[in-house]
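I have placed the structure first, in the form of structure tokens, so that the comments after it can refer back to it.
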Amino acid sequence: MAKWVVEDRKVKHVYWPSDAMKKRAWISDESFYREGQKDPVKFWEKRASEALDWKKKWKHAYQQGKKPWQFKWFVGAEINACYNALDRHIKAGSGDREAIVWVPEPTDDKPKTYTYKMLYDEVNRLASAMKKLGVRKGDRVSIYLPMIPEVVISMLATSRLGAIHSVCFSAFSGESLRDRVDDANSKLIITADGYYRRGKPLDLKKNADIGASAPSVKHVIVVKRTRLDVAWNKKKDLWYHELLKKADKYCEPTFVESNEKLFLLYTSGTTGKPKGIVHDTGGYLTQAYWTTKLDFDLHDSDLFWCTADVGWVTGHTYGCYGPLLLGARMLMFEGAPDYPDPGRWWKIVADHKVTVFYTAPTAIRMFIKFGDQWPEKYDLSTLRILGTVGEPIDVEAWMWYFRKIGGGRCPVIDTWWQTETGGTLINSLPGVGPFIPTVSGRMFPGTHHILLDEDGDEVKMGQGGYLAQVPPFAPGMLRGVYRNEKKYIDTYWSRFPGYYDTSDGAVMREYETIRVTGRVDDTMKVAGHRLSTAELENAINKHKLVRESAVVPKPHEIKGEVPVAFVLLKGQAKASDALKQEIVKHVDKMIGPTARPGEIYFVEDVPKTRSGKIMRRILRGLLKNDKDLGNLTTLMNPECVEVLKKIVGYKA
Ligand code: WTA
């Protein structure tokens, strides 16, 4: 039986929008859905015209080449992302509107508000400075910054020049940054001296320097955020504030053809090396604009807080481009959710009167654990809409979020999407519904997914299947894997000819809704972060005492899943707790703390097929205490399974 098949539980709770919500919502009936179904290309063409300022209109709204992955949106059109996020609001007289309310982590630091005009001024200066340093259209710029406004400013300055940004999550290690910088061949890195995490300033520059050792890097721009005394390379390093002081006030935006790259974002796939997901400009922005506006029903009076770090795709689309394209107000928070105490997020919601709040199930589960007293201390009555993303949400977390945070008033919008899709694709809209725990909801108007079995046939309602997208592909979809077309085709376009393969399993449910059950490939979601088993194994195998390793996810109460490593040591090495610690440190160095194994088992052997392939499925089963571990007779070494049962304390 395929692993994505889930039982078709009876749905207990089905919620629908209140009259007040319907009245206020941009969309409260079927009209958009019908329009999208009738002619998706026309639907998006209309949406693109309404949403964005184009310098030149397209010749063709959608072009499908011979192969399914050869599709393009808005062919021949010209656009600039930064112009749409900033200039046009200034031109429309909205320069004084608040764009970003930034909350620093230290509680004695004051929040800082940027109006659209302030953002515009700083972005122009930074873009001018970058231009002087030689950044041109199509060049890659790596951004390695924490959650400070400069991260958004850097993204916009890059796109203003028609250059391509590649943001690397600031909690990733220097080695991870270097891999990404190398693959993208970035000329420039924008980073900071450090940032605050749980009350302490952390040195980011020393990691950035590892990235800056990549031969392509000519300059490193450093934002001063802490007073840390950081290492300085006179040949490459430049202080952000000094550059800005000298820079020209205005930098002409470079308009690009809509299909030119806006950004790369590296994500885990099933191989050891993260792949650079390529996003175009006009298609991506169109989907970013409309999904932000409709999923969260954003109005001028709203304050939108997407808690995701800009290092992830959620931060790109809903913590930068989406809200800014709309001219909306968004909140950005530098720090940890539980610092100085587990009430911090709820205090921020209350202090700033946040109205729309978007987070991940792993955070919700963490807050359930902290206890109800924390949200109860604060007035959360300004909240209207809640969102969740990143992994399947369980009933308990959904109900707690709905009742404790949303006071039973706010719809929970469970958005399913991926780094590859650029924007949300499956979720119910606040004014339409339905809102059902564990069920993401309906397909976004103008997009279409189906569920297929192993043979590529559509499955019936209530049955599990592979989730695949049907052409015309959504405008925000990836356009490639950077400099690796083979991987692009193999990963997304090979299993089901003609469709985009999401690598997720799902079930079609009542009211035209879809419940996404999780990945069907060797990637896992650790606290919402996407990690591949191969990437971790590669990192662990690089330790000098390790011969081989197998990594599989194990269910975890808060993080959803944690990686567990089965490690085979080299002949001379002795298993010890100290060595475990050393391997953990090694993973921190190679990838970053997000990838830390929750458990390491030193073993003599792992189950393998006769051709030597590790059977991770069996290891997963052992950790989950699955009664049925599957067929063991085809293994090369079935006897090792008995040994492993004892080591992991298997009870079934
Ligand atoms: C999972 C995050 C269930 C899914 C935007 C997908 C979800 C992967 C949901 C992409 C959801 C994301 N319900 N599963 N609402 N949202 N996923 O690239 O397995 O970090 O393929 O993008 O997260 O992860 P990524």
Side-chain angles (χ1 to χ4, degrees), residues 3-4 6 167 169 172 263-270 274-279 284 287-288 291-292 295 306-322 358-365 386-395 397-398 401 412-428 435-444 449 464 466-469 474 476-478 481 491-492 500-507 509 513-532 535 553 559-561 594-595:
K3 59 192 164 191
W4 35 256
V6 294
V167 179
F169 180 37
F172 279 157
F263 67 87
L264 308 179
L265 188 57
Y266 285 82
T267 189
S268 296
T270 48
K275 43 187 197 280
I277 300 300
V278 174
H279 280 287
Y284 168 81
Q287 200 174 325
T291 54
T292 310
D295 293 352
C306 163
T307 66
D309 193 285
V310 182
W312 305 98
V313 74
T314 309
H316 277 59
T317 309
Y318 304 103
C320 177
Y321 286 108
Y358 188 30
T359 195
T362 182
I364 299 166
R365 291 191 296 263
L386 301 175
T388 157
V389 59
E391 50 177 317
I393 183 165
D394 49 283
V395 178
W398 198 101
Y401 195 34
V412 174
I413 311 298
D414 176 359
T415 62
W416 174 87
W417 61 299
Q418 312 177 300
T419 305
E420 290 85 346
T421 71
T424 65
L425 282 173
I426 300 175
N427 57 265
S428 295
F435 318 111
I436 310 172
T438 78
V439 175
S440 280
R442 297 177 63 175
M443 296 179 238
F444 195 85
H449 283 81
Y466 295 96
L467 183 66
Q469 197 182 132
M477 290 300 288
L478 80 167
V481 170
T491 312
Y492 305 107
Y500 165 79
D501 174 11
T502 67
S503 292
D504 271 317
V507 192
R509 302 295 295 255
T513 62
I514 293 178
R515 175 178 184 220
V516 178
T517 49
R519 303 284 302 190
V520 292
D521 60 1
D522 278 325
T523 62
M524 56 188 130
K525 280 296 196 132
V526 182
H529 302 153
R530 187 161 148 191
L531 271 178
S532 83
E535 194 180 347
K559 296 183 176 176
E561 295 183 316
T594 39

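Counting starts at 1 for both ligands and their atoms, following the listed order. Since the structure is predicted, the reported quantities are computational estimates derived from the model, not experimental observations.
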Among Thr314, Asp295, Thr292, Thr317, side-chain hydrogen bond (donor to acceptor under 3.5 Å, both in side chains) partner for Thr424: Asp295
Suppose I only count heavy atoms of [X] and a 4.0 Å limit; which atoms of ligand 1 are within that range?
X	result
Ser440	13 (N), 15 (N)
Val389	5 (C), 16 (N)
Asp414	11 (C), 13 (N), 15 (N)
Thr314	5 (C)

Can you classify the ring geometry of [X] versus [Y] as parallel (below 30°), tilted (30 to 60°) or perpendicular (above 60°)?
X	Y	result
Trp417	Tyr318	perpendicular
Phe263	Tyr321	parallel
Tyr500	Tyr492	parallel

Give me the nearest non-hydrogen protein atom to atom 13 (N) of ligand 1 as residue plus atom name, then the distance to 0.1 Å. Glu391 O, 3.4 Å
Identity and distance of the protein heavy atom lying nearest atom 6 (C) of ligand 1: Asp504 OD2, 3.1 Å
Side chains of Thr359 and Thr307: is there a donor and an acceptor less than 3.5 Å apart? yes
Polar contacts were defined as any N/O atom of the residue lying under 3.5 Å from an N/O atom of the ligand; does this apply to [X] and ligand 1?
X	result
Gly390	yes
Arg519	yes
Glu420	no

Does Lys559 have more than 12 heavy atoms from other residues, nucleotides or ligands lying within 6.0 Å of its NZ? no
Of all the heavy atoms in Trp417, does at least one lie under 4.0 Å from an atom in ligand 1? yes
For ligand 1, is any non-hydrogen atom under 4.0 Å from Pro392's backbone (N, CA, C, O), its side chain (CB onward), both, or neither? both
What part of Thr419, side chain from CB on, backbone N/CA/C/O, both or neither, has a heavy atom under 4.0 Å from ligand 1? both
Answer yes when Glu391 and Arg519 have at least one side-chain N-carboxylate O distance shorter than 4.0 Å, and no when they do not. no
So, Glu420 and Arg530, do they make that salt bridge, N to O below 4.0 Å? yes
Donor-acceptor check, side chain of Gln469 to backbone of His449, threshold 3.5 angstrom: yes or no? no
Compare Lys525, His529, Met524, Arg530 and give the one whose heavy atom is closest to atom 8 (C) of ligand 1. Lys525
